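Quick caveat: nothing in here was measured; it's all calculated off a predicted structure.
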Number of protein chains: 2
Amino acid sequence: MIELRHLRYAVTVADEGHITRAAERLGIQQPPLSQQIRNLEDLVGATLFQRLPRGVTLTEAGRTFVDKARIILKDVDLAVEATRRNARGEEGSLAIGFTSSAAFHPLVTTAVRSLGEISPGVRIKLEESSTSDLIDALRAQLIDVAFVRSPVELSKGLTVSRILDEEMFVALPDSHRLVAKRARRASPIQLSELADESFILYRRPSGPGFYDAIIAACGRAGFSPRVKHEAPRLMSTLSLVAAGLGISIIPNSMTRLETNGIAYLPLDRKTQLVAPLHLAHRDEPSGGTLRLFIDIVRRSAPELG
Amino acid sequence: MIELRHLRYAVTVADEGHITRAAERLGIQQPPLSQQIRNLEDLVGATLFQRLPRGVTLTEAGRTFVDKARIILKDVDLAVEATRRNARGEEGSLAIGFTSSAAFHPLVTTAVRSLGEISPGVRIKLEESSTSDLIDALRAQLIDVAFVRSPVELSKGLTVSRILDEEMFVALPDSHRLVAKRARRASPIQLSELADESFILYRRPSGPGFYDAIIAACGRAGFSPRVKHEAPRLMSTLSLVAAGLGISIIPNSMTRLETNGIAYLPLDRKTQLVAPLHLAHRDEPSGGTLRLFIDIVRRSAPELG
DNA sequence: GTAATTGCATACTTTTGGGATATGGCATGA
DNA sequence: TCATGCCATATCCCAAAAGTATGCAATTAC
């Protein structure tokens with residue numbers, strides 16, 4: 001069987017025109033090189049070199065072979081290099097999923113941008129879905145990694161890591177009495193101050209998300225919130241607040257949205273109501289690109305939390 | 001050092017997704033294949049396969065490597081095939097030289113055409129020069145083979161083979177008395193019949209060619225020819241004959257030229273004046289294309305001589 | 001829940017072939 | 001004619017490829 005060794009030997013002999021000097025370059029002795037060239041000629045079934053009293057020259061068939069051998073040797077080096085780049089996460093692809101509420105967090109956008117800058121050769125695919133749809137997509141290997149809000153149950157086969165906790169804000173119509181009151185004293189809103197308000201909450205049909213967490217926190221504060229409206233889209237929640245139909249509770253990153261008619265006020269931390277951000281991926285050994293991305297997310301979290 | 005064996009092993013394992021089945025396809029046992037794959041991963045510096053309880057799958061880096069390995073293995077096969085075709089004379093190039101007087105012989109044109117038909121992949125280069133220039137070009141490896149008329153002296157390092165002898169003809173103005181005489185009896189012209197004629201001979205400055213042979217044949221016939229004109233080009237010779245300035249002696253193949261005002265009459269064979277055609281090439285082992293061409297020439301000579 | 005099966009990895013042994021050394025043969029150069 | 005250059009042949013050694021025996025862990029069958 002022809003091996004790359006044969007190709008290397010033939011190319012070096014062709015370059016030197018002299019078997020003894022070629023052997024020196026290759027770090028072996030002249031007789032084994034002579035033999036290996038003979039073996040190669042047998043395997044190929046053609047005379048590649050014409051032996052002269054002083055050195056050798058390529059036959060025309062030999063020239064054909066050596067020209068192609070040179071290219072093949074270079075291609076092998078390129079294949080190894082490309083494989084290494086891929087293993088280091090410098091090329092390849094990554095499918096990243098995130099929930100609607102995670103989409104606004106600067107960590108997500110910063111991490112994606114960083115990956116694109118560090119490894120321009122990586123192709124990034126983004127997917128926005130519900131938590132449970134993202135988990136299904138992970139299991140089906142449709143995506144490689146996902147930002148989700150709540151830690152998922154039945155996470156067998158997945159690794160789910162808490163990246164950060166985001167403080168919560170109250171979104172109110174800017175004409176609300178609490179907004180005017182706010183202007184005179186700077187302290188977070190107590191959940192109990194919202195006992196008489198109409199709540200507008202975003203509830204995804206396929207998963208609990210914030211909904212149950214907010215209900216539970218109000219219970220701890222001593223009241224049951226009047227959920228007057230449920231919105232099918234996160235953006236709809238804010239639209240309803242702007243229309244003066246009620247108030248909502250949202251994670252800090254959503255306050256970045258420029259929406260007329262809404263004021264965002266911080267919620268008191270004693271409510272123990274936070275918006276966690278988790279990173280989920282499959283348990284199996286990760287490719288270079290995924291490892292690099294996880295590393296970027298972990299490094300960015302402290303300053304963007 | 002990575003070898004083609006490694007590439008073959010990796011591609012087969014990838015195709016099977018199962019090391020034991022891949023080993024069977026490769027004709028080796030499972031443990032050495034497992035070891036060789038591990039060695040390859042060390043050499044490349046990346047994990048190529050993810051081991052599962054039942055079989056293996058490619059990592060993304062592994063997919064990069066195997067895709068390129070597949071192409072390289074195919075290129076090696078193509079390189080061997082192209083080398084074999086070249087060795088068989090089915091591709092490559094051949095530089096063929098010929099003297100002016102040889103150019104008209106149907107053997108030359110037929111052989112060149114046959115080579116082109118048998119091996120369309122061969123690139124043919126034609127060169128017309130004097131005998132001595134062709135010999136120089138052979139020695140300088142500017143051409144591979146040459147049709148020459150006279151056997152050359154100092155043919156060291158060359159093989160010169162007589163291919164055929166061409167009978168000679170007399171070229172006369174068609175108003176010549178010998179032409180009219182010819183119409184009444186059909187027998188070749190005796191050289192002695194030309195004793196009083198003005199001769200026009202083609203003499204290359206760099207070599208004797210026909211010139212001296214004609215002079216010698218006339219001497220054998222009992223006279224010294226009156227060489228009234230010497231032409232620097234073979235075609236010029238015929239132009240002067242057409243102009244009625246004399247007669248010339250030319251090889252049979254030149255009679256194929258359609259030239260007004262000239263009649264061609266065969267010369268008696270007893271003159272022992274023939275136009276030989278030789279094939280010259282270097283002594284060294286010939287490439288496939290040259291061997292094929294020499295074979296074509298030898299096979300065609302009997303029916304075109 | 002337990003035993004059998006699957007399939008890759010490890011350990012050890014055998015076989016094979018690459019490479020070393022010694023030397024021969026032939027053409028060239030002094 | 002002798003020395004030199006340089007590839008080829010002969011023989012030997014050892015490293016690596018491959019074989020065999022077995023271990024380990026996950027999955028499947030009962």
Open item on the list: Please classify the nucleic acid contact of B/Phe49 as base, sugar-phosphate, or nothing, using heavy-atom distances under 4.0 Å.
Closed with: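 If one applies the 4.0 Å heavy-atom cut-off, B/Phe49 turns out to touch nothing in the nucleic acid.
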
- [ ] Just call it for B/Gln36: base, sugar-phosphate, or nothing, with non-hydrogen atoms closer than 4.0 Å on any strand.
- [x]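 If one applies the 4.0 Å heavy-atom cut-off, B/Gln36 turns out to touch the sugar-phosphate alone, with no base involved.
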
Give the rounded distance in Å between these two atoms: [atom1] of [X] and [atom2] of [N].
X: B/Gln29; N: D/dT22; atom1: CD; atom2: P; result: 15 Å
X: A/Arg51; N: D/dG5; atom1: CZ; atom2: C1'; result: 17 Å
X: A/Arg5; N: D/dA17; atom1: CZ; atom2: P; result: 10 Å
X: A/Gln50; N: D/dC7; atom1: CD; atom2: C1'; result: 13 Å
X: B/Leu4; N: D/dA17; atom1: CG; atom2: P; result: 14 Å
X: A/Ile19; N: D/dC6; atom1: CD1; atom2: C1'; result: 9 Å
X: A/Glu24; N: D/dC7; atom1: CD; atom2: C1'; result: 14 Å
X: B/Ile28; N: D/dA16; atom1: CD1; atom2: C1'; result: 13 Å

Open item on the list: If you assign each of A/His6 and B/Gln35 to its closest nucleotide in DNA chain C, which residue comes earlier from the 5' end?
Closed with: B/Gln35

Task: B/Pro32 or B/Arg21, whichever maps to the more 5' nucleotide of DNA chain C - done: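 Of the two residues, B/Arg21 wins.
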
Task: From CA spacing to verdict: salt bridge (charged side-chain N to carboxylate O under 4.0 Å, His left out), B/Asp295, B/Arg299 - done: CA-CA 6 Å; B/Asp295 192 53; B/Arg299 302 240 207 93; 2.6 Å; yes

TODO: On DNA chain C, reading 5' to 3', which nucleotide is the first and which the last to sit with an atom under 4.0 Å from a heavy atom of chain A, could you check?
DONE: C/dG18 to C/dT28

Taking [X] first and then [Y], would you say they form a salt bridge - that is, a charged N and a carboxylate O separated by under 4.0 Å?
X: A/Arg8; Y: B/Glu3; value: yes
X: A/Asp144; Y: A/Lys125; value: no
X: A/Arg84; Y: A/Glu91; value: no
X: A/Arg21; Y: A/Glu16; value: yes
X: A/Arg88; Y: A/Glu90; value: yes

Task: Per B/Tyr9 side chain, nearest of listed nucleotides D/dG19, D/dT9, D/dA18 - done: D/dA18

Pairs under 3.5 Å (N/O, protein and nucleotides 25-30 of chain D):
unit_1 : atom_1 : unit_2  : atom_2 : d
D/dT27 : O2     : B/Arg54 : NH2    : 3.3

Open item on the list: Once rounded to the nearest 0.5 Å, what's the spacing between atom CD of B/Glu81 and atom CZ of A/Phe65?
Closed with: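 With rounding to 0.5 Å, CD (B/Glu81) is 12.0 Å from CZ (A/Phe65).
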
Task: Spacing of CD belonging to B/Gln50 relative to OG1 belonging to B/Thr59, to within rounding of 0.5 Å - done: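 Separation between the atoms: 8.5 Å.
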
- [ ] Assess the side chains of B/Glu128 and B/Thr99: does a donor N or O sit below 3.5 Å from an acceptor N or O?
- [x] no

